[in-house]
Every structure is written in structure tokens, then in C-alpha cells.
Amino acid sequence: MKTVIIGTGSFAPPRVVTNDDLAEVMDTSDEWIRTRTGIEQRHISDGPGTTWMAAEAAKLALKDAGVEPEDIDIIIAATTTADNCFPSAACEVQGILGAGNAVGYDVSAACSGFIFALHTMDGLMKTGAYETGLVIGVDNLSKVVDWSDRSTCVLFGDGAGAAVVRVLEEEEDRDGGGILAADMGSDGRKAEVLRCQSRTMGNFLTGTKPEPGYITMEGQEVFKFAVKKVPECIQRVLEKGGLDAGDIKYFVLHQANYRICESIAKRLKVSMDKIPMNIEHYGNTSGATIPILLDELNREGKLEPGDKIILAGFGAGLTWGAVLLQW
Ligand code: UT7
């Protein structure tokens with residue numbers, strides 16, 4: 001039994017904010033942002049948020065897969081910025097799509113979220129409980145960044161990506177295609193390095209006041225963690241699949257910083273030709289970066305049946321993970 005991606009979709013809000021736009025409202029510059037991160041612009045939602053973006057990406061993924069909403073058995077949305085504490089983004093998307101036969105819930109693993117959700121989906125599909133699933137990575141970080149903290153707010157953008165998956169029995173195996181291996185991890189001792197505290201309305205018992213929740217980050221700590229942990233988990237997933245880096249067509253990496261991706265490429269001893277990038281257009285859309293990039297590769301016809309690719313991410317938790325799959 002293998003879980004195969006049969007369709008992808010992605011969506012970003014139409015409003016584009018360039019580095020120069022930000023330089024007009026805070027002490028930063030296009031030059032600083034571009035050279036330190038590779039980001040040139042990001043999409044920011046000035047209207048509806050997470051559910052809307054997720055549903056738009058999901059509709060495109062369903063269309064690409066040729067699957068009707070009522071044929072979906074399960075929806076898992078990876079997000080840390082659902083529009084509500086409850087219901088989940090997945091339930092709201094289920095309602096919008098009219099996917100009345102699907103169970104839906106969210107997974108919280110920040111920028112590693114899509115990897116964690118895909119791994120969860122793969123495990124569930126292989127139990128035989130579900131046949132067709134929808135995995136979404138979506139985040140609306142513009143509503144939780146501290147717009148007075150230039151060291152974080154310039155990095156993030158809003159967006160969503162989605163993949164429709166189907167479990168194939170041995171006999172319908174698409175030339176060995178599907179998810180081949182996965183490896184992921186967490187280190188809660190480093191939780192402080194990247195955090196977005198929950199908003200609270202305060203509590204009359206303790207006399208605490210309402211507090212906003214926003215992102216705080218020790219950028220260099222995250223940088224060091226990413227360039228160490230991501231290559232390590234990619235190596236482990238390669239070993240599990242009996243492959244080496246030369247067998248991989250693309251490493252679809254979380255888009256947090258161009259320099260992080262370059263360092264990962266160096267450690268893996270692969271050229272940047274194998275590391276597709278789109279951070280210049282979107283910034284860091286957290287749980288959405290990997291499925292947006294995967295969708296772009298798919299739509300540009302860059303993925304051929306038989307190609308082996310690795311999706312890998314890292315983020316708050318701290319968390320990290322990689323999935324090896326054959327297209
Ligand atoms: O999805 C995971 C989420 N996060 C990440 O992946 C972040 C990983 N870390 C990074 O990408 C990098 O650490 C950053 C891009 C966040 C920062 O780059 P850096 O090379 O580590 O810069 P830095 O924090 O050491 O700051 C260098 C200087 C400082 O000024 P001084 O102290 O040298 O005078 C900052 O105050 O750059 C200043 N600075 C800025 N200047 C202009 C910080 N943010 C800005 C800004 N514009 N937006």
C-alpha cells in the first residue's frame with residue numbers, strides 16, 4: 001500500500017507588499033531584506049484569512065486531481081493561525097467545499113506542519129480507514145507578527161497550499177510511486193527560540209489583563225538549528241529509502257531564508273539547481289511554503305512520474321521533518 005499525491009493547488013491573497021513598501025513604514029530596506037533573506041515581496045491578506053486561503057488552494061488541488069468534494073474521506077489542515085480557536089480550519093474548509101463525507105481536523109507544527117500532516121495522513125491511509133485525503137498547509141502570519149519588530153515582521157507572508165492524496169493497493173501501484181519514507185522530530189527544550197503566545201482576555205481570578213499574542217524569535221538560533229537538523233533528517237530519510245542525495249531530483253525545502261537553503265545544499269553536497277526557490281515572491285508563509293512550492297513544480301510540469309523528491313521543513317517547537325516520495 002502506498003499513499004500517492006494525485007493533485008496539488010495553491011493560493012495567496014492578491015495584495016502584494018514589496019520590501020520598498022515596508023521601508024516606507026519602518027526602519028528597513030529592500031537591500032537588507034533581500035541580501036539577508038532572499039525575500040523581495042510577500043502576499044498579505046487584507047480581508048478574509050486562513051479558511052478562505054485554504055479553501056481556494058483546496059479547490060484547485062481537487063480540480064487538478066479530478067476528485068469531487070464528496071469523494072474526500074479526510075481533511076487534515078496544518079496551521080497555527082486558524083481563524084478561530086475552534087472550529088478547526090479543516091472543518092470550515094470541509095463546509096465550504098461541501099465535502100460532507102470527510103472528517104476534518106488541524107495539526108499544529110508551525111512551519112513543519114505540512115510535513116507532519118502529510119506523514120499523519122500517510123499513516124492513516126495505510127490503515128485502510130480512508131481512500132482519498134486532502135492535506136492543506138496554510139498560514140495567515142500577518143495577523144500575529146509584531147509589526148513594530150522589524151527583525152521578524154519583514155520575513156513572513158500569507159498563503160496556502162494543498163495536496164490530494166489517495167492510497168493505492170499493491171496491484172494498482174503507479175510504478176512504485178508514492179510516499180516512500182519519512183523522518184521527523186521535536187525538541188521542546190528550545191520552545192523559547194520561536195514562539196507565538198496565545199492571545200488571552202485575562203482572568204478575573206488572577207487579575208491578569210488581556211494580552212495580544214505575537215511572534216518572538218531568536219533568528220540566529222533558528223538559523224543554526226535549521227542548517228544542522230534539516231540535512232540530518234534528510235540523510236536519515238535517504239537511508240530509510242535506500243537512496244543517496246544524487247538520486248533526488250528536487251529538495252523542496254521550507255522557504256524561510258535563501259541562505260538557510262544554500263547552507264543545507266552545501267551540507268548535502270548538492271547544487272542549488274536541485275533546490276527550487278520561490279521565497280522572493282511569498283516570503284515565509286510557514287506551513288504553506290512547501291505545498292505552494294510543490295504545486296508550482298507540478299504546474300510547471302517539472303515533476304515526471306518516477307522522479308524522487310524530498311520535502312523538508314523546520315520551525316517552532318522546535319520541529320523538523322522530511323518526507324521522501326516518488327512522483
Ligand atoms: O520558519 C522559521 C522561521 N524563522 C527563520 O527561519 C529565521 C531564521 N533566521 C534568519 O533568517 C536570520 O537570522 C534573520 C534574517 C532573521 C536575521 O538575519 P541575521 O543575519 O541573523 O541578522 P541579525 O539578527 O544578526 O541582525 C543584523 C543587524 C542588526 O543590527 P546591528 O545590531 O548589527 O546594528 C539588526 O538590528 O540587522 C538589523 N536588522 C535589520 N535591519 C534592517 C534586523 N532586522 C532588520 C531589518 N531591516 N528588517
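Every number for a ligand or one of its atoms is a count from 1 in the order of the listing.
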With a cut-off of 6.0 Å (strictly less than), are more than 12 heavy atoms of other residues, nucleotides or ligands near NZ of K126?
-> yes

What one should report as the nearest heavy-atom pair of R199 and V144 is NH2-CG1, 3.4 Å

Practice task
Might you confirm whether atom CD of E232 has over 12 heavy atoms from other residues, nucleotides or ligands at distances under 6.0 Å?
Solution key: yes

More than 12 heavy atoms of other groups within 6.0 Å of R299 CZ = yes

Output for ligand 1, non-hydrogen cut-off under 4.0 Å, lists D27, T28, W32, R36, T37, C111, R150, S151, V154, L155, L194, M217, G219, Q220, V222, F223, H254, A256, N257, R259, I260, N284, F314

### Message
What I want to check is whether the side chains of D73 and N101 have a donor and an acceptor closer together than 3.5 Å.
### Response
no

For atom OH of Y214, is the number of surrounding heavy atoms from other residues, nucleotides or ligands below 6.0 Å larger than 12? no

